[in-house]
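Below is one structure, written out as structure tokens; the observations come after it.
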There are 2 protein chains.
Amino acid sequence: MNVEKIIKTETEIPLIPRTLIHLTLVNAKITEIFASALKPHDISIQQFNVLRILRGQKGKPSNLSTLNERMVTKMSNTTRLVDKLLSKGYVDRIVCPSNRRKVEINITKDGLKALKFMDAEMEKANDFIVQDLTEQDLKQLNNLLNKF
Amino acid sequence: MNVEKIIKTETEIPLIPRTLIHLTLVNAKITEIFASALKPHDISIQQFNVLRILRGQKGKPSNLSTLNERMVTKMSNTTRLVDKLLSKGYVDRIVCPSNRRKVEINITKDGLKALKFMDAEMEKANDFIVQDLTEQDLKQLNNLLNKF
DNA sequence: GTTATACATTTGTATATACAATTGTTGTAG
DNA sequence: CTACAACAATTGTATATACAAATGTATAAC
């Protein structure tokens, strides 16, 4: 992987930037593995995230603002991400009756079904990614990440 | 930051996905800080990375393939990233005389000068990002990241 | 020498994202 | 009730990226 290629051969880079670059490269690797796990389902990571958030709402509809709070990305994308999911039939979107500025977004039966298949592959991807880390490692990593 | 909002309130997420999401969120935070540090210079993170790689060559020209090996992104982008840098006058690009399939890319005096200004701001950004981490933390983090 | 293959880069297309501007709706001050 | 501000979402524009296809050049087979 790139991490070795770029980082491990360049020990002359000072600790701070080296660590941050390293983190970015690991993230790129994770992203790539996730993306290819989802590719057979023809869905992007962000679209997958939106579906998961919607499922987590357990029927309670989400409007764009609340969806957005739970996502990394920005509002302007959220509209278009939902557009994509809509065209796949995985969500529906209705104008909120009590406040017509808002929209209510729900995951459909189809969306839940598709998500279930994706879950299985994502779990495999997860395990593959962390195969060389112990539970202790993961806890330690979490603690360190909390300091950012 | 989002990390708190999304992760710290959802301890019911199992350790492995929680850690990976956490890492992604920290990476997003880092990216955002870097991007805003570079914004006054009107340059993207990837363009900045290309400039740094070119400077690291110390006059030895790079072709696209070697540039690409050192980057996270894919070849097809590299052409267009160099296009942007070219239009800013930060690099020049000539067809390699010995092998006209290749191109030779060099950082210009202007590029070096601009890069020097950016370096200063990026170092500030680096320090800001890791302000709550000790040297010990950073070393530990590096070790853990090596296991990916 | 012509054809085929491999190499290095570029281009086309679709998607994702950041940021700013815009649309449509609601609430409120006068 | 009208004007204006605030809110929620959408749209426009520019850039970045992934993937596949295309271009142009060099090398090899015959």
Side-chain angles (χ1 to χ4, degrees), chain A residues 2 24-25 27-50 61-88 91-105, chain B residues 2 24-25 27-51 61-88 91 93-105:
Chain A
N2 279 335
T24 298
L25 292 171
N27 184 69
K29 180 180 180 177
I30 293 171
T31 301
E32 194 188 323
I33 292 172
F34 280 168
S36 55
L38 292 175
K39 202 177 178 194
H41 302 280
D42 210 14
I43 205 164
S44 73
I45 296 174
Q46 295 306 338
Q47 288 173 35
F48 174 73
N49 284 337
V50 171
S62 310
N63 57 38
L64 273 192
S65 298
T66 53
L67 254 189
N68 202 49
E69 276 168 23
R70 301 280 310 276
M71 298 196 351
V72 187
T73 52
K74 292 281 157 59
M75 183 62 120
S76 47
N77 304 325
T78 313
T79 298
R80 287 179 269 229
L81 282 173
V82 170
D83 285 343
K84 302 279 163 59
L85 293 172
L86 203 64
S87 74
K88 292 181 172 117
V91 304
D92 48 45
R93 168 169 57 186
I94 59 168
V95 174
C96 178
S98 63
N99 185 342
R100 284 167 48 217
R101 285 174 296 189
K102 297 188 184 182
V103 294
E104 285 179 349
I105 298 152
Chain B
N2 279 335
T24 298
L25 292 171
N27 184 70
K29 181 180 180 177
I30 294 171
T31 301
E32 193 188 323
I33 293 172
F34 280 168
S36 57
L38 291 176
K39 202 177 178 194
H41 302 281
D42 209 14
I43 204 163
S44 73
I45 296 174
Q46 295 306 336
Q47 287 173 36
F48 173 73
N49 284 336
V50 170
L51 284 183
S62 309
N63 57 36
L64 275 191
S65 298
T66 52
L67 255 188
N68 203 49
E69 275 166 24
R70 301 280 311 275
M71 298 195 350
V72 186
T73 52
K74 293 280 157 61
M75 182 63 120
S76 46
N77 305 324
T78 314
T79 298
R80 288 180 268 229
L81 282 172
V82 170
D83 286 342
K84 302 278 162 58
L85 293 172
L86 202 64
S87 75
K88 292 179 172 120
V91 303
R93 170 170 56 187
I94 58 166
V95 174
C96 179
S98 63
N99 185 344
R100 285 169 49 217
R101 285 175 296 189
K102 297 188 185 182
V103 294
E104 285 179 349
I105 299 153

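Letters A, B, ... are given to chains in the order of the sequence lines, protein chains preceding strands, and every chain is numbered from 1.
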Would you mind reading off the distance between [X] atom [atom1] and [N] atom [atom2], rounded to a whole angstrom?
{"X": "B:I43", "N": "C:dA18", "atom1": "CD1", "atom2": "C1'", "answer": "17 Å"}
{"X": "A:I105", "N": "D:dA9", "atom1": "CD1", "atom2": "P", "answer": "7 Å"}
{"X": "B:N68", "N": "D:dA18", "atom1": "CG", "atom2": "P", "answer": "10 Å"}
{"X": "B:E32", "N": "C:dA18", "atom1": "CD", "atom2": "P", "answer": "8 Å"}
{"X": "B:Q46", "N": "D:dT15", "atom1": "CD", "atom2": "P", "answer": "15 Å"}
{"X": "A:D42", "N": "C:dT15", "atom1": "CG", "atom2": "P", "answer": "9 Å"}
{"X": "B:R100", "N": "D:dT23", "atom1": "CZ", "atom2": "C1'", "answer": "13 Å"}
{"X": "A:L38", "N": "C:dA16", "atom1": "CG", "atom2": "P", "answer": "12 Å"}

Under 4.0 Å: is that the gap between some side-chain N or O of [X] and OP1 or OP2 of [N]?
{"X": "B:R80", "N": "C:dG12", "value": "no"}
{"X": "A:K74", "N": "C:dA16", "value": "no"}
{"X": "A:K102", "N": "C:dT25", "value": "no"}

Could you check whether A:Q47 gets within reach of a base, just the sugar-phosphate, or nothing at all, counting any heavy atom under 4.0 Å?
->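 Sugar-phosphate, no base atom in range.
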
Check every strand shown and say whether B:S65 touches a base, only sugar-phosphate, or nothing at a heavy-atom separation below 4.0 Å.
-> sugar-phosphate

Are the side chains of A:R93 and A:V82 in touch, meaning some heavy atoms are under 4.5 Å apart?
-> yes

Mind checking whether B:N49 and B:M71 have side chains closer than 4.5 Å, heavy atoms only?
-> no

Given that A:L81 and A:R101 both sit by DNA chain C, which one's nearest nucleotide is further toward the 5' end?
->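 The 5'-side residue here is A:L81.
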
Where each residue is assigned the nucleotide of DNA chain C containing its nearest heavy atom, which of A:S98 and A:S44 is assigned the position nearer the 5′ end?
-> A:S44

Could you check A:K88, A:K84, A:H41 and say which one makes a side chain to side chain donor-acceptor pair (under 3.5 Å) with A:Q47?
->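 Among the candidates, only A:K88 passes.
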
Proximal nucleotide (of D:dA16, D:dT10, C:dT10) relative to the B:K84 side chain =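 Taking heavy atoms from C-beta onward, the closest nucleotide is D:dA16.
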
Any idea which of D:dT17, C:dT17, C:dT9 is nearest the A:N77 side chain?
->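 Minimum distance to the A:N77 side chain belongs to C:dT17.
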
A:T24 versus A:N27, side-chain donor and acceptor atoms under 3.5 Å = no

Please check if any side-chain donor atom of B:S65 sits under 3.5 Å from a side-chain acceptor atom of B:N68, or the reverse.
->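 No.
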
Closest nucleotide of DNA chain D for A:N63 versus for B:S76: which of these residues is on the 5' side?
->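 Result: A:N63.
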
